[in-house]
Amino acid sequence: MDSSGVGAGGAIDEMDALSRTAARLRPWLVRGKPLPNLLFFTDPDRTPDPEGVAERLPPGAAVVFRAFGAPDAEARGRGLRDITRRRGLLLLVGADEALAVAVEADGLHLPQRLSADLPAIRARHPQWLITVAAHDDGAARAGRAAGADALVVSPVFPSASPSAGTPLGLDGLKRIIGAVETPVYALGGVRADTVEQLLDSGIVGIAAVEALHA
């Protein structure tokens with residue numbers, strides 16, 4: 001692997017490229033603790049080996065475990081908890097507060113539609129890191145008002161996600177960042193060939209699904 005993240009044979013190591021760029025972003029503290037600058041979002045179909053990805057993530061990154069109701073969710077979540085503790089990573093659980101408690105997660109990631117639930121969850125788990133998805137300006141303002149520690153804004157670039165809408169583009173991302181004081185992560189189409197465009201956008205971190213599984 002050379003300094004550009006290109007391995008032998010010319011193949012680009014996506015995780016290396018994203019990790020290197022994330023490390024260049026400004027640090028941001030929440031309740032005295034640094035936010036991770038890299039988020040790996042799991043997906044049962046698109047990232048079939050999240051444990052393997054977690055073993056390669058740089059220390060200080062975070063795994064967002066999205067089980068989508070899978071019957072083995074707790075067992076798999078506990079396995080990820082073991083890896084993240086050993087490797088100095090944070091573990092967030094997507095949407096499922098009970099699962100987050102069961103696997104002793106560090107926090108929760110809420111989809112946009114559940115942002116109004118955040119204050120009650122915060123009251124029950126004041127120590128948790130809680131992030132909220134935002135796909136437009138209004139959702140970003142709602143997440144800020146609910147008290148999100150950070151917003152995960154998407155899709156920034158064209159994405160392979162079946163649920164992704166029209167890309168916001170850099171201008172849309174910057175507009176949202178300028179409208180809220182809450183720290184923002186960029187998600188959606190963030191890969192080795194797009195990630196450096198985000199350096200001057202004002203984000204605090206990078207989020208990805210398949211790019212980190214590659």
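The figures here come from the full heavy-atom set of this structure, side chains too, leaving out hydrogens, waters and symmetry mates.
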In one Ile/Leu/Val/Met/Phe/Trp/Tyr side-chain cluster, 4.5 Å: L35, L92
yes

If hydrophobic clusters are built from ILVMFWY residues whose side chains come within less than 4.5 Å, do V184 and L25 share one?
yes

Whether the side chain of [X] engages the backbone of [Y] through a donor-acceptor N/O pair (distance < 3.5 Å, no angle test) should be reported.
X: E14; Y: L212; value: no
X: H213; Y: V53; value: no
X: H135; Y: S154; value: yes
X: S115; Y: V132; value: no

Please tabulate, one pair per line, all N/O donor-acceptor pairs under 3.5 Å involving side-chain atoms of residues 63-72, not counting sequence neighbours.
residue : atom : partner : partner atom : Å
R66     : NE   : T42     : O            : 2.8
R66     : NH2  : T42     : O            : 3.1

Identify whether the distance between the nearest side-chain nitrogen and carboxylate oxygen of R191 and E210 falls below 4.0 Å.
no

If the threshold is 4.0 Å, N to carboxylate O, is there a salt bridge linking E55 and R86?
yes

Which residue pairs pass the side-chain hydrogen bond (donor to acceptor under 3.5 Å, both in side chains) test with at least one member in residues 138-153, sequence neighbours excluded?
R31-D149, R122-D149

At their closest point, which heavy atom of [X] faces which heavy atom of [Y], and how far apart are they?
X: A192; Y: A17; answer: CB-CB, 3.7 Å
X: V156; Y: A186; answer: CG2-CB, 3.8 Å
X: A54; Y: L80; answer: CB-CD2, 4.2 Å
X: L38; Y: A22; answer: CB-CB, 4.3 Å
X: G189; Y: T194; answer: O-OG1, 2.9 Å
X: V152; Y: A207; answer: CG1-CB, 4.4 Å

What is the distance from atom [atom1] of [X] to atom [atom2] of [Y], rounded to the nearest 0.5 Å?
X: T182; Y: I177; atom1: OG1; atom2: CD1; answer: 11.5 Å
X: D82; Y: L91; atom1: CG; atom2: CG; answer: 10.0 Å
X: W28; Y: N37; atom1: CH2; atom2: CG; answer: 14.0 Å
X: L18; Y: L39; atom1: CG; atom2: CG; answer: 11.0 Å
X: L173; Y: L198; atom1: CG; atom2: CG; answer: 6.5 Å
X: L108; Y: L129; atom1: CG; atom2: CG; answer: 9.5 Å

Contacts of type salt bridge (charged side-chain N to carboxylate O under 4.0 Å, His left out), residue D136, not counting sequence neighbours
none

Could you tell me if the side chain of [Y] sits less than 4.5 Å from the side chain of [X], heavy atoms only?
X: I121; Y: L110; value: yes
X: D13; Y: R56; value: yes
X: K33; Y: Q127; value: no

With sequence neighbours excluded, give me every salt bridge (charged side-chain N to carboxylate O under 4.0 Å, His left out) pair touching residues 99-114.
R81-D106, R85-E104

Mind listing the side-chain donor-acceptor pairs of residues 95-103 below 3.5 Å, one per line with the distance, residues two or more places apart or on another chain?
residue : atom : partner : partner atom : Å
D96     : OD1  : A98     : N            : 3.2
D96     : OD1  : L99     : N            : 2.9
E97     : OE1  : R124    : NH2          : 2.9
E97     : OE2  : R124    : NE           : 2.8
E97     : OE2  : H125    : NE2          : 2.8

Test ring-ring contact (aromatic ring centres under 6.0 Å, His included) applied to H109 and F41, W128, F40, the passing residue
F41

Report, as yes or no, whether the 6.0 Å neighbourhood of atom CD on E181 holds more than 12 heavy atoms from other residues, nucleotides or ligands.
no

Hey, is CG on D171 packed in by over 12 heavy atoms from elsewhere, all under 6.0 Å?
no

Return the set of residues passing side chain to side chain donor-acceptor pair (under 3.5 Å) with R87 (not counting sequence neighbours), or none when no residue passes.
none

Go through it in stages, so that I can follow the logic: the residues are Y185 and L151, the test is side chain to side chain contact (heavy atoms under 4.5 Å, CB included), and I'd like the CA-CA distance, side-chain angles, deciding distance and then a yes or no.
CA-CA 6 Å; Y185 289 88; L151 301 171; over 6 Å; no

